[in-house]
Number of protein chains: 2
Amino acid sequence: MSQRNTGVTTEAGSEADACPVREVLDRISGKWSIQIILAAAEKPIRFTELERSIPGISRRMLTLTLRSLERDGLLVRTVYPTVPAKVVYSVTDSARELHDAFVTLMDWAERNRGAITAARAAYDSDALAAAAQEEEPVGSPR
Amino acid sequence: MSQRNTGVTTEAGSEADACPVREVLDRISGKWSIQIILAAAEKPIRFTELERSIPGISRRMLTLTLRSLERDGLLVRTVYPTVPAKVVYSVTDSARELHDAFVTLMDWAERNRGAITAARAAYDSDALAAAAQEEEPVGSPR
DNA sequence: CGGCATCCCCCAGGATACTG
DNA sequence: CAGTATCCTGGGGGATGCCG
């Protein structure tokens, strides 16, 4: 009862889920996981630093996503009991492998950004042209 | 008006979105994009074949995701005007690059499946232990 | 500083039914 | 076979507020 909406695809561990695709997706999904791993992979990083280095993330989602990643053994949370407390997140080895894969993805994104934008423009203009056709099936427009 | 809920993060093209992270995510997000690309990369594949090769996908989401991928220039849709019609989807070059990255991800998932499960179990049991502590603050349980 | 708790909204996506 | 259209729900995730 006490726990609800822990978010970030936490879910205990339901039925047979042997599919590696879903496996990865479940760990990465959520708008922020990748960016957090990317940031933490550079150097161990503090909560507030993360918050500032990831524009648009809310405190809530930062916390939730961090917990999720920690739970999956992708991040390590280290608390320095100073006053006020200091918390540092660092990536584990398995996360670092993931990080490498992410970099590949980012690379892809940058190389194909233009092509994608163009493809979309083309697709959309085609769609519009087709729609225009329908409006005058045969004969007088009016 | 006529168009609503086209789904799969279609969105026209809002403000400055130069972040490659979101770029990739927007193209991949949705539960099915990756699996579709994975399937279509093996060989050009028909609508119904896709439907059967991806367990759990609905007709609706298959169509929606296919349209989205086609729009982004990741898939090519080819129609053979036979009766009944035959439609084949094949991946483009840029999608094939993505595919390679996905394979890396899948590989990672398989290698780390065990570690992740273990990490979760450890994390969860710790959390439970901590919770148990709270219930008997100091002294007699009851 | 580094969180957790609560409220609430939105839309990805499932179920179902109809077409060319 | 290959879609399209409509309805409806779950939960991801933003906003805000309180705490050690």
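Lettering of chains follows the sequences in order, A, B, ..., and the numbering in each one begins at 1.
- For B/K86, taking side-chain heavy atoms from C-beta onward, the closest of the listed nucleotides D/dA2, C/dC1, C/dG14 is D/dA2.
- Here the P atom of nucleotide D/dA2 and the CD atom of B/E70 are 14 Å apart, to the nearest Å.
- Applying the side chain to side chain donor-acceptor pair (under 3.5 Å) rule to pairs touching residues 100-110 of chain A yields A/D107-A/R111, A/W108-A/N112, sequence neighbours excluded.
- The side chain of A/R77 lies closest to C/dG3, out of C/dG3, D/dA15, C/dG14.
- Using a 4.5 Å cut-off between side-chain heavy atoms of Ile, Leu, Val, Met, Phe, Trp and Tyr, A/V83 forms no hydrophobic cluster with any other residue.
- A/Y80 comes within 4.0 angstrom of no nucleic acid atom, judged by non-hydrogen atoms across all strands.
- Look at CG on B/L62: it is 11 Å from P on C/dG14, rounded to the nearest Å.
- For the pair A/R60 CZ and C/dG2 P, the computed distance is 20 Å after rounding to whole Å.
- No donor-acceptor pair closer than 3.5 Å links the side chain of A/T92 to the backbone N or O of A/L75.
- Rounded to an integer number of Å, the gap from CG of B/L75 to P of D/dA2 is 15 Å.
- Closest approach to the B/T63 side chain among C/dG14, D/dT4, D/dA2 is made by D/dT4 (side chain taken as heavy atoms from C-beta onward).
- Here the P atom of nucleotide C/dG2 and the CE atom of A/M61 are 19 Å apart, to the nearest Å.
- Here side chain to side chain donor-acceptor pair (under 3.5 Å) pairs that include residues 76-91 of chain B, with residues two or more places apart or in two chains, are B/R67-B/Y89.
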Residue pair A/I45, A/V88: steps toward the side-chain contact (heavy atoms from CB on, under 4.5 Å) verdict: CA-CA 5 Å; A/I45 188 171; A/V88 171; 6.0 Å; no
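- We find that CZ of A/R67 is positioned 18 Å from C1' of D/dG12, with the value rounded to whole Å.
- Between the P atom of C/dA12 and the CG atom of A/D26 lies a distance of 18 Å, rounded to the nearest Å.
- Distances shorter than 4.0 Å separate none of the side-chain N or O atoms of B/S58 from OP1 or OP2 on C/dA15.
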Test side-chain contact (heavy atoms from CB on, under 4.5 Å) applied to B/E42 and B/H99, step by step: CA-CA 10 Å; B/E42 289 187 43; B/H99 170 263; 5.8 Å; no
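- Over its length, the helix from C/dC1-D/dG20 to C/dG20-D/dC1 turns its helix axis by 50°, as judged from the five terminal pairs at each end, rounded to 10°.
- When the nucleotides D/dT4, C/dA15, C/dC1 are ranked by their closest atom to the side chain of B/R59, D/dT4 comes out on top.
- The hydrophobic cluster containing A/V76, built from Ile/Leu/Val/Met/Phe/Trp/Tyr side-chain heavy atoms closer than 4.5 Å, comprises no other residue.
- When each of A/P84 and A/K31 is assigned the nucleotide of DNA chain D with its nearest heavy atom, A/K31 is the one assigned upstream, toward the 5' end.
- Remark: B/R59 pairs with B/E51 by the salt bridge (charged side-chain N to carboxylate O under 4.0 Å, His left out) rule, at least two apart or across chains.
- Taking B/T65 as the reference, B/V8, B/W32, B/S33, B/I36, B/M61, B/L69 meet the side chain to side chain contact (heavy atoms under 4.5 Å, CB included) condition, with sequence neighbours excluded.
- With sequence neighbours excluded, no residue forms a salt bridge (charged side-chain N to carboxylate O under 4.0 Å, His left out) with B/D93.
- Taking atom CG on A/L66 and atom C1' on C/dC4, their separation rounds to 13 Å, with Å as the unit.
- Of all the residues in residues 34-47 of chain A, A/R46, A/F47 reach under 4.0 Å from DNA chain C with at least one non-hydrogen atom.
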